[in-house]
There are 2 protein chains.
Amino acid sequence: MQKINTNVSLADQAYESLRQSIVQGELHADEELREENIAKQLGVSRTPLRDALRRLAMDGLVVLRKGKPAKVATFTMEDSLHLIEVRSLLEIHNIVTITPHITEERVQQLRENLFAQKNAIKDEDYESFVELDREFHLLLTEDNPNTKLQELIHQMNSGDYRAFIILSNTLSPSAEVAYGEHHHILEAIENRDTEKAKETMEHHMANIRKRLTQSN
Amino acid sequence: MQKINTNVSLADQAYESLRQSIVQGELHADEELREENIAKQLGVSRTPLRDALRRLAMDGLVVLRKGKPAKVATFTMEDSLHLIEVRSLLEIHNIVTITPHITEERVQQLRENLFAQKNAIKDEDYESFVELDREFHLLLTEDNPNTKLQELIHQMNSGDYRAFIILSNTLSPSAEVAYGEHHHILEAIENRDTEKAKETMEHHMANIRKRLTQSN
DNA sequence: ACACAGTATACTGTATACAGAAAGAAAGGA
DNA sequence: TCCTTTCTTTCTGTATACAGTATACTGTGT
């Protein structure tokens, strides 16, 4: 029998739904989000919707203006570069920490994720690829005992998501390159080669930055 | 004429009030926060209170458990060490970035802050010292163009606040040492000596960690 | 034509009511 | 005595109603 999912509140669902819409550009930057309006579209009341909006504000995806309708946050190239700068710092530190201690189970998950990435590229399903990319980086943090670091990397990756909108026109070639970089990272981890893992991650982060700046 | 304060919602006030209560230990770790109960105590309805609780959860000061009352988060030594690990990463990166570009105005602010620190110690006003300490580190980020990094360092410093509760018994000797370290940092910055600034900050962060672990 | 007051409207902030889940107490059976 | 089950209570999740504020509009006076 299938267990009914009682763990996902309406607020959770509203959050996820709006997040998708923003990230995928369905809601354009600076668009006003009138609570009653959006709530009706999602089929929930304002209460869970407002909850979702607050969370999205924390993620930097919307801006709340007291007394006025919330807006979809604008996300500039500059923001994106700031984000990747911090993200580099955290992800490089993370991979150095976890490489010696990573579990075989995690490595297996990473292999499977990478396989799925390959398929997504083959199918030209770049939406899935972006999601898998994110998952790949989150998996890398799982074995890090520093939960605070984990949390921040999660945050960075969610925010970074929006950079892919900027990149959407160049996503097809980017995905292949990114896949290759992910592959190198996993290879280094499989060999428990910390120095190599660090290098490949540095390289990956630098390239993400490059792809960003070159896209405009 | 005095402008009427229409900018602080009940939710804001509830947030600030609860934050104070938690940070100052008035609400002890693991204590259950029943919404109706707390709301009544604060003299507001559940709606703004819940808003406040969500925000506090984001700050890591309370934990929400779906369907069950929220709890005041426990803040362990381990958490504290995780925090300082990430904070080190960010603060060291920051100081390397800003030292060559710091404005004379900022240096002056830092000098004044340091002077106030000295006075707080002389007056044995450690509550003020903790606040000035925090301000010192925030001032260091002001000239960093990376607003995301700024934001995170702010976050880290607010969270760290709670570590000082743990430390409260050993605050008196710690403050003097911390003051000395701040002094060295400012000195390096005044000379626009990036390498030295990095070293002094590394030293400072390592010592904060040491003080934490030695306090138990 | 323009400035300005007054009014209508649309939105958020807040309170409250209701439904359903979780925890605890009481009752029944082995 | 202990386990199980049911009932009661208490809590959160959600919907909705209401109040107050900001904005747009309309009309009036100059």
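Below, chain A is the first sequence line, B the second, and so on; all start at residue 1. Because the structure is predicted, anything quoted here is derived from the model rather than measured.
Note: CZ (R50(B)) to C1' (dT14(D)) measures 8 Å, nearest angstrom. The distance between atom CG of L10(A) and atom P of dT16(D), rounded to the nearest whole Å, is 12 Å. Here the C1' atom of nucleotide dA15(C) and the NZ atom of K40(B) are 13 Å apart, to the nearest Å. Here the P atom of nucleotide dG13(C) and the OH atom of Y15(B) are 17 Å apart, to the nearest Å. Following rounding to the nearest Å, E36(A) (CD) and dT16(D) (C1') show an atom-to-atom distance of 10 Å. Computed from coordinates, the L42(A) CG to dA15(D) P distance equals 11 Å when rounded to whole Å. To the nearest angstrom, C1' of dA15(D) lies 14 Å from CG of D51(A).
You'll find that the side chain of K66(B) is closest to dG13(D), out of dG13(D), dT14(D), dC18(D). Minimum atom distance to the side chain of T47(A) is reached by dT16(D), of the listed dT16(D), dT12(C), dT14(C). Closest approach to the R54(B) side chain among dG13(C), dA15(D), dG13(D) is made by dG13(D) (side chain taken as heavy atoms from C-beta onward). Closest to the side chain of R46(A), from the set dC18(D), dT14(D), dC11(D), is dC18(D). The nucleotide whose nearest atom lies closest to any side-chain atom of P69(B) is, among dA15(D), dC11(D), dG13(D), dC11(D).
Aromatic ring pairs are classed by plane angle as parallel below 30°, tilted from 30° to 60° and perpendicular above 60°; the pair H182(A) and F129(A) is parallel.
Side-chain contact check for E85(B) and H93(A): at least one donor-acceptor pair (N or O, by modelled atom type) lies under 3.5 Å. Judged purely by distance below 3.5 Å, without hydrogens or angles, the side chains of N207(A) and E181(A) pair a donor atom with an acceptor atom. Side-chain contact of Y126(B) with D133(B): a donor-acceptor pair under 3.5 Å is absent, judged by distance alone.
The residue from N144(A), T141(A), D143(A), T99(A) that alone fulfils the side-chain hydrogen bond (donor to acceptor under 3.5 Å, both in side chains) condition with N94(A) is N144(A).
Contact between the side-chain N/O atoms of R34(B) and the OP1/OP2 oxygens of dT9(D) is not found at any separation under 4.0 Å. Phosphate proximity of dT21(D) to R65(A): absent, as no side-chain N or O sits under 4.0 Å from OP1 or OP2.
Mapping D12(A) and K68(A) onto DNA chain D via the closest heavy atom, the residue that lands nearer the 5' end is D12(A).
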